[in-house]
Amino acid sequence: FPLATFLKTFDISTVYPLLLFLAESKLTNEDWKQVSIILESYLLRRAVCNLTTKAYNRIFLTLTKTLRRDGFSVGALKNSLLSLMGETVEWPTDDAFRAGWKSQPVYENLQQARIVHVLRRLSDTYLGSKSEHISIDSPLTVEHILPQNWVENWPLKDGSTGLTETEIWTAEDRIDPRVVMSEARNRLLHTIGNLTILTQALNSSVSNSAWEIKAPALSQASLLPINLQLHGVKTWDEATIEQRSDEMYSRAIKIWPRPN
């Protein structure tokens with residue numbers, strides 16, 4: 001039951017009254033599949049967009065009462081969530097989801113286990129009908145491809161050395177190119193386009209290394225489909241992060257769709 005795994009990972013127990021009602025309603029397997037897609041999409045999109053969870057108890061109790069009164073259907077569940085308006089309750093549109101996906105510092109906003117969940121779901125989408133399915137028994141950790149401590153080994157796009165956060169904060173010239181480029185890089189640092197999943201041992205061995213060192217290590221040691229996509233990438237910079245973010249987003253809206 002993938003939805004149960006998702007709810008446990010994201011620590012969302014306020015949905016349980018609704019799930020208990022649905023369990024009593026003798027849903028078909030196809031109904032459960034659609035319910036899982038709808039609920040995970042609603043909750044995951046809000047998490048990525050860093051929207052509040054404070055109203056979830058009220059939302060799902062009200063939804064449960066409504067469905068109990070009027071009868072369950074997948075359409076009724078979907079339309080009830082689509083009708084919610086306002087930042088505290090809304091189901092983010094594709095445009096809002098894309099904006100959050102590309103700009104939100106998810107590494108700072110979400111716990112590691114939740115980011116691992118997102119990245120593993122994305123990784124699975126790279127498997128085709130002819131792909132071997134590999135079981136990962138060891139725990140996975142989140143890795144910044146462009147490392148958090150990037151200044152020493154990752155020059156800016158003009159070849160100059162970037163600035164630390166302290167140097168940025170204390171810079172007198174706010175339009176100095178190094179300040180501007182360092183700030184732009186830091187804005188992308190914790191976004192999902194710059195994150196992947198690795199075993200702890202591999203993560204520790206490549207952590208702050210330059211791309212010329214990190215890329216071969218990933219190629220040699222990681223069989224995860226999401227990391228196989230990095231093979232052959234010659235440079236890792238802001239443009240690459242943006243491109244990867246866009247490509248991953250095109251997959252994310254299929255995993256977590258929202259009806260128009």
So ring-ring contact (aromatic ring centres under 6.0 Å, His included) across residues 166-191, not counting sequence neighbours, yields Y107-H190, H144-H190
**Asked** Is it the case that R185 places NZ or CZ above or below the six-membered ring of W150, under 6.0 angstrom from the centre and within 45 degrees of the axis?
**Response** yes
Exercise for the section: Determine the interplanar angle of the W101 and W256 rings, folded into 0 to 90°, and report it as parallel if under 30°, tilted if 30 to 60°, perpendicular if over 60°. Expected result: tilted
Does atom CD of Q148 have more than 12 heavy-atom neighbours from other groups under 6.0 Å away? yes
Discussion item. Would you say the rings of F97 and Y249 are close, in the sense that their centroids are separated by under 6.0 Å?
Written reply: yes
Cationic tip of R251 above Y126 ring, under 6.0 Å, 45° of axis: yes
Does the pair Q104 and N109 meet the rule for a side chain to side chain donor-acceptor pair (under 3.5 Å), with working shown?
CA-CA 8 Å; Q104 283 289 336; N109 296 343; 2.8 Å; yes
Query raised in the report: So F10 and H117, would you call those rings parallel, tilted or perpendicular, with 30° and 60° as cut-offs?
Result: perpendicular
*Apply salt bridge (charged side-chain N to carboxylate O under 4.0 Å, His left out) to the pair D158 and R178, showing each step before the final yes or no.*
CA-CA 9 Å; D158 67 353; R178 292 173 68 210; over 6 Å; no
Next on the checklist: Under a 3.5 Å distance rule, please check whether T52 uses its side chain to pair with a backbone N or O of K54 as donor and acceptor.
Outcome noted: yes
- Whether K214 side chain and I145 backbone form a donor-acceptor pair below 3.5 Å: yes
Is it the case that the side chain of W211 and the backbone of V233 share a donor-acceptor pair, with hydrogens and angles ignored and the cut-off at 3.5 Å?
yes
**Prompt:** If you draw a 6.0 Å radius around CD in E167, do more than 12 non-hydrogen atoms from other residues or ligands fall strictly inside?
**Reply:** yes
How far apart are the C-alpha atoms of E30 and Q34, what are their side-chain angles, what is the distance that settles it, and do they pass the side chain to side chain donor-acceptor pair (under 3.5 Å) test? CA-CA 6 Å; E30 181 59 27; Q34 294 303 314; 3.0 Å; yes
Donor-acceptor contact present, side-chain Q112 to main-chain V142, <3.5 Å: yes
